[in-house]
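Along the sequence shown, the residues carry numbers beginning at 1. These numbers come from a predicted model, not from an experiment.
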Amino acid sequence: MRTLLFASALLPLSLIAQTTFAPIGAKWSYEQHFAWGPDSNLYTLTCIGDTTILGHTCSVLDGSTTDCYFPYSGGQAYTYVSGDSVFLFDQDQQNFDLLYAFNTAVGDTWDIPRSIWNPLDTIHVEVMGTSSTSIDGSTLRVLDVEITTIYEGIGAVWPISATITERLGHAIYHFLWGYEACDMDILGPLRCYEDPDITWLNPQLPQCELGTGFMESNGHGNWSLQPNAIARNTSASLLCAEPGLDWELLDAQGRIVSSGNASVGSTAITIARPGGYMLVLSRDGSVVGRERITVY
């Protein structure tokens, strides 16, 4: 493992790739799941303009609510881009922390201080894999990372597998790196993204807006999974309108964790360990759908 070094400071600007993040008009839409019930909401984060902080031109990110999902009071956050890296302004410490770094290789790491909770707590990010994806003609870099929250007096807990994509950012939410609940509510996943150049819809979802009822699964039956992000030792509900649907829960390495036959109505799927999982649905031996589940 090696700690990330900023080689960009030593190279001519012509040799450095410039990532794009939070241009004016960029909008992220996330699922917001409320505690103690099935209700959900659509939480949005929008770049409403720019401003100058400590000599850097920063994007102003405004949340659709100003509750504890947002990292700072006032409902706004500020980021700027330098080369391949995105920096977040720490409004408590009055400095910038590295948020995303796309010029990384497997084994690279970086740390994000959590001064908004406790100045000694840290988010540790390790790059586990790199790839790319194409959206509306733009080739974007993708990082598969493991994110560990390191609490003062407790140590490292909750290692979580996650995906970070250029422009789109973290697949759950930019600022809550530990997948922590907000007053027992849960934010994520990212449903859709748009900016003046590209639009993206989560391929696991039929639309950006929250729908009602069952999703159509390739014409093989009606089913849905609610929610897609849960706390460990709690359950997601697999809702089925027809009998004969089988399910397998796979971990990040593709191993079967549990399996069963879905009942008509609601089937509880409980997961004990944090991480990323895939629920594979089949009928008569043929796969009819897949759903990702994040457990924090």
Side-chain angles (χ1 to χ4, degrees), residues 19-34 38-49 59-67 69-71 75-77 79 81 86 88 99-100 102 131-145 160-177 179 182 185-218 223-230 236 239 276-279 289-294 296:
T19 193
T20 298
F21 183 76
I24 294 176
K27 181 179 179 180
W28 296 260
S29 298
Y30 306 89
E31 290 184 22
Q32 181 179 3
H33 302 280
F34 299 108
D39 295 338
S40 59
N41 187 31
L42 193 67
Y43 178 95
T44 61
L45 187 68
T46 306
C47 179
I48 61 173
S59 298
V60 181
L61 304 182
D62 187 77
S64 59
T65 64
T66 57
D67 60 15
Y69 284 115
F70 221 81
Q76 293 184 343
T79 63
V81 174
V86 179
L88 172 68
L99 183 62
Y100 303 133
F102 292 102
S131 59
S132 64
T133 187
S134 180
I135 301 176
D136 284 353
S138 296
T139 300
L140 306 176
R141 288 168 287 185
V142 180
L143 304 179
D144 293 316
V145 301
I160 296 292
S161 298
T163 301
I164 302 171
T165 304
E166 275 190 289
R167 290 194 184 231
L168 277 60
H170 191 292
I172 301 297
Y173 186 50
H174 293 314
F175 309 120
L176 297 184
W177 288 83
Y179 293 92
C182 169
D185 294 343
I186 304 169
L187 198 65
L190 178 65
R191 291 185 68 92
C192 62
Y193 169 81
E194 62 181 86
D195 66 30
D197 299 317
I198 69 171
T199 59
W200 174 86
L201 174 67
N202 189 323
Q204 301 295 324
L205 303 170
Q207 61 187 18
C208 182
E209 294 76 17
L210 295 179
T212 58
F214 295 99
M215 293 187 297
E216 289 294 328
S217 178
N218 299 327
W223 56 270
S224 66
L225 181 72
Q226 300 176 0
N228 294 94
I230 60 175
L239 306 177
Y277 296 84
M278 179 70 73
L279 184 69
R290 295 177 176 87
E291 283 286 344
R292 295 183 183 275
I293 305 177
T294 298
Y296 63 92

OG1-CD1 distance between Thr46 and Ile24, expressed to the nearest 0.5 angstrom: 12.5 Å

State which residues pass side chain to side chain contact (heavy atoms under 4.5 Å, CB included) with Ser138; sequence neighbours excluded, sorted by chain then number. Leu140, Ile198

Quick one, Leu201 with Cys208, criterion side chain to side chain contact (heavy atoms under 4.5 Å, CB included). Give me CA distance, side-chain angles, the key distance, then yes/no. CA-CA 7 Å; Leu201 174 67; Cys208 182; 4.3 Å; yes

State the NE2-CG distance between His174 and Leu190, to the nearest 0.5 angstrom. 7.5 Å

So, does Ser59 use its side chain to make a donor-acceptor pair with the main chain of Ala22 at under 3.5 Å? yes

Counting C-beta onward and ignoring hydrogens, is there a side-chain heavy-atom pair between Arg167 and Ile135 closer than 4.5 Å? no

First locate atom CG of Asn202, then atom CG of Leu168, and finally report the distance between them rounded to the nearest 0.5 Å. 9.5 Å

Asp195, Val81, Asp197 screened by side-chain contact (heavy atoms from CB on, under 4.5 Å) with Pro23, the one that passes: Asp195

Hey, could you give me the CD/CD1 distance between Glu31 and Ile172, rounded to the nearest 0.5 Å? 9.0 Å

Report the relative orientation of the aromatic rings in Phe21 and Trp28; use parallel for angles under 30°, tilted for 30 to 60°, perpendicular for over 60°. tilted

Over all atoms of both residues, closest heavy-atom pair of Gln207 and Arg191: O-NH2, 2.8 Å

Trp200 and Thr165: side chain to side chain contact (heavy atoms under 4.5 Å, CB included), yes or no, with the steps? CA-CA 12 Å; Trp200 174 86; Thr165 304; over 6 Å; no

Contacts of Glu194 meeting salt bridge (charged side-chain N to carboxylate O under 4.0 Å, His left out) (sequence neighbours excluded), chain-then-number -> none

Residues Thr44 and Ser29: closest non-hydrogen pair is CG2-OG, 3.7 Å

Interatomic distance, OG@Ser132 vs CD@Glu166, rounded to 0.5 Å, equals 9.5 Å

Can you tell me if His170 and Tyr100 form a side-chain donor-acceptor pair at under 3.5 Å? no

